[in-house]
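Everything below concerns the one structure shown next.
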Number of protein chains: 2
Amino acid sequence: MYPLTPDMLTSLLKTPLFSQLRHEDVAQILERARPVKIAADAYFFRQAAPARRLYILLDGQIKVTQLTPDGQQVVMRMINPLELFGCVAVLSGGEYPASAQATKDCQAICLDTDEIHRLMHIFPHLAINAFQMMVQRTHELQDRYRELATECVERRLAHTLLRLMKQNSHTEGDLIVLDTPLARQDLAEMIGSTLYTVSRILSQWESQNLIVTGREKISLVTPKQLKRIAEAQIFSADLKKAPI
Amino acid sequence: MYPLTPDMLTSLLKTPLFSQLRHEDVAQILERARPVKIAADAYFFRQAAPARRLYILLDGQIKVTQLTPDGQQVVMRMINPLELFGCVAVLSGGEYPASAQATKDCQAICLDTDEIHRLMHIFPHLAINAFQMMVQRTHELQDRYRELATECVERRLAHTLLRLMKQNSHTEGDLIVLDTPLARQDLAEMIGSTLYTVSRILSQWESQNLIVTGREKISLVTPKQLKRIAEAQIFSADLKKAPI
DNA sequence: CGGGAGTTTGAGCTATCTCAACGGGGGTGG
DNA sequence: CCACCCCCGTTGAGATAGCTCAAACTCCCG
């Protein structure tokens with residue numbers, strides 16, 4: 001594992017996946033991992049390919065998407081550094097249920113199915129941590145399912161921007177800039193809507209100074225207001241009527 | 001673990017959760033489990049309660065639901081015998097993100113958080129199996145998310161009935177009877193729709209002899225036709241126009 | 001034989017999708 | 001370095017699936 005910088009290593013040690021493991025154990029695990037580098041827009045793997053490798057993202061960002069039979073895309077999840085992806089690889093003989101596409105240049109390490117099983121036997125904590133991570137992820141996915149089932153597009157979009165902010169953003173002066181290349185189409189595919197509706201809502205928000213948008217770029221100005229929209233305490237239409 | 005009948009025990013041994021474990025190991029694990037009995041409509045646990053126990057359903061059926069802040073319900077999942085529920089309990093200190101309500105009289109066994117962790121250390125296979133089960137479940141949830149995001153109500157309903165058929169049904173003559181008490185409202189909460197729309201679609205299907213409905217009861221007549229609707233090769237409206 | 005829970009159905013409404021047309025900016029190739 | 005082109009975004013107008021609300025209907029059960 002030459003390509004691991006000391007920085008990455010210390011980061012990896014703090015990953016939930018490796019919590020409770022000793023440094024030398026993690027080192028031993030990482031010895032069995034292979035590095036993978038991929039340029040922006042390229043794929044780590046594609047839907048329906050045999051799932052043989054589990055990945056840990058070190059740097060960059062991944063978009064996990066599913067294609068419907070008739071060609072529509074749905075974005076299932078954004079993967080940020082130190083997160084696991086390609087977990088289906090632990091089920092021997094399966095296929096990836098989704099594609100993993102880099103939204104930026106990416107570095108990752110990967111482990112083969114057999115290797116994972118072997119390591120999980122040696123280090124039960126690895127399996128326990130992985131289990132816990134999946135429970136957490138299911139929990140998150142359930143929340144989004146509930147949103148999709150019960151909330152209107154505007155609220156879903158607000159939730160999504162806030163979520164992206166938490167996961168990956170930095171501040172520039174008063175602005176909170178999302179560190180994700182986000183076309184209207186991408187947002188639409190995340191919330192189960194269309195790029196037109198997303199565009200309209202974002203335009204409206206921008207005219208109310210809740211956000212600032214650019215080409216594939218979004219910055220939040222007043223996350224508090226967005227949160228109120230997300231929580232249904234207010235609608236952006238209401239802001240017009242009574243601009244306090 | 002007195003209440004375990006020999007039948008249940010042999011079933012438990014075949015559970016994915018216990019695969020690869022030796023009989024005596026499973027016995028040792030079950031020694032630490034406590035039996036729980038609950039009548040139809042009662043709750044195993046409620047959303048937001050501290051999550052301290054993980055359950056394995058032995059008999060009956062559970063409906064896992066989430067309540068939105070404004071009181072709408074969403075059915076996240078039906079749990080059938082030999083399935084795990086309350087998995088959040090493995091994350092120490094968390095709360096149940098959903099409620100688990102019995103749709104029939106239920107028997108289950110439960111394990112405390114500490115106990116699970118202890119056992120997973122002793123039997124790494126337990127953790128690995130649990131991990132795999134969660135991966136599988138995430139996979140299923142992703143499929144439903146994609147459906148909800150891209151498909152119309154009619155197709156989602158068709159998918160749901162077919163899924164319920166696979167999970168839990170028996171045949172009576174030509175009829176495939178779903179073994180789940182299903183009010184229109186329940187179905188609506190599963191697919192993110194309203195009881196009115198569900199009722200209309202079911203009525204239409206019934207008039208086309210695809211299904212037979214009763215009070216909280218549904219039977220399938222021609223699952224093939226339903227599958228065609230689910231796969232978008234056809235719409236029930238098309239059946240009217242050209243009844244071949 | 002009520003009573004109530006579950007279901008059906010109609011009618012109107014609206015959030016959101018669809019389709020179409022236009023606008024703009026940035027990067028790339030000449 | 002400039003111009004063109006392409007991708008991304010905006011906006012309007014019309015269509016519609018599905019929601020809401022209201023009212024009546026039908027079992028099942030005590």
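Atom set for the values below is all heavy atoms of this structure, side chains included, hydrogens, waters and symmetry mates excluded.
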Gap between atoms [atom1] and [atom2], on [X] and [N] respectively (whole Å):
{"X": "B:L195", "N": "D:dT20", "atom1": "CG", "atom2": "C1'", "answer": "11 Å"}
{"X": "A:K217", "N": "D:dG9", "atom1": "NZ", "atom2": "C1'", "answer": "16 Å"}
{"X": "B:E151", "N": "D:dA17", "atom1": "CD", "atom2": "P", "answer": "16 Å"}
{"X": "A:Q204", "N": "D:dG12", "atom1": "CD", "atom2": "P", "answer": "12 Å"}
{"X": "B:I211", "N": "C:dT7", "atom1": "CD1", "atom2": "P", "answer": "12 Å"}
{"X": "A:Q72", "N": "C:dT18", "atom1": "CD", "atom2": "P", "answer": "7 Å"}
{"X": "B:D186", "N": "C:dA5", "atom1": "CG", "atom2": "P", "answer": "15 Å"}
{"X": "B:Q185", "N": "C:dT8", "atom1": "CD", "atom2": "P", "answer": "13 Å"}

As a test of reading the structure: which of [options] is closest to the side chain of [X], going by heavy atoms?
{"X": "A:E216", "options": "D:dC21, D:dT10, D:dG9", "value": "D:dG9"}
{"X": "B:Y196", "options": "D:dG18, C:dT8, D:dT10", "value": "C:dT8"}
{"X": "A:V153", "options": "C:dT8, C:dT16, D:dG9", "value": "C:dT16"}

So, does [X] get its side chain near the phosphate of [N], meaning an N or O under 4.0 Å from OP1 or OP2?
{"X": "B:S193", "N": "D:dC19", "answer": "yes"}
{"X": "A:R184", "N": "D:dC8", "answer": "no"}
{"X": "A:T197", "N": "C:dC17", "answer": "yes"}
{"X": "B:S203", "N": "C:dT9", "answer": "yes"}

**Item:** Bend angle of the helix from C:dC1-D:dG30 to C:dG30-D:dC1, end axes from five pairs each (to 10°)
**Value:**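 For the helix from C:dC1-D:dG30 to C:dG30-D:dC1, the axes at either end differ by 40°.
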**Prompt:** Would B:R144 count as a cation-pi partner of A:Y145, with NZ or CZ less than 6.0 Å from the six-membered ring centre and within 45° of the ring normal?
**Reply:**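 Output yes; distance and angle both within limits.
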**Message:** Less than 6.0 angstrom from the centroid, inside 45 degrees of the normal: does A:R46 satisfy that with respect to the ring of A:Y96?
**Reply:** no
**Asked** For the side chain to side chain contact (heavy atoms under 4.5 Å, CB included) test, which of B:R137, B:M190, B:K63 pairs with B:R77?
**Response**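 It is B:R137, the one option of B:R137, B:M190, B:K63 that forms the side chain to side chain contact (heavy atoms under 4.5 Å, CB included) with B:R77.
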**Request:** Would you mind classifying the nucleic acid contact of A:L202 as base, sugar-phosphate or nothing, using non-hydrogen atoms under 4.0 angstrom?
**Result:** nothing
**Taking every non-hydrogen atom, the tightest pair across A:L187 and A:T160** =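 Answer, listing the atom of A:L187 first, then A:T160: CD2-CG2, 4.3 Å.
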**Prompt:** Taking all atoms of both residues into account, what is the closest heavy-atom pair of B:Q101 and B:D41, and its distance?
**Reply:** NE2-O, 3.0 Å
**Request:** Return yes if the base of D:dT20 and the side-chain atoms of B:R200 contain a donor-acceptor N/O pair under 3.5 Å, otherwise no.
**Result:**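 Indeed, a donor on one side and an acceptor on the other fall under 3.5 Å apart.
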**Prompt:** Are A:R163 and A:E140 close enough for a salt bridge, meaning some N to O gap below 4.0 Å?
**Reply:** no
**Asked** Sub-3.5 Å donor-acceptor pair from the side chain of B:E147 to the main-chain atoms of B:H159, do we have one?
**Response**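 Flag not set: sc B:E147 to bb B:H159 has no pair under 3.5 Å.
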**Plane angle bin for B:F44 and B:Y55 - parallel if under 30°, tilted between 30 and 60°, otherwise perpendicular** = perpendicular
**Prompt:** Start at the 5' end of DNA chain C and walk down; is the nucleotide closest to A:R215 or to A:T194 reached first?
**Reply:** A:T194
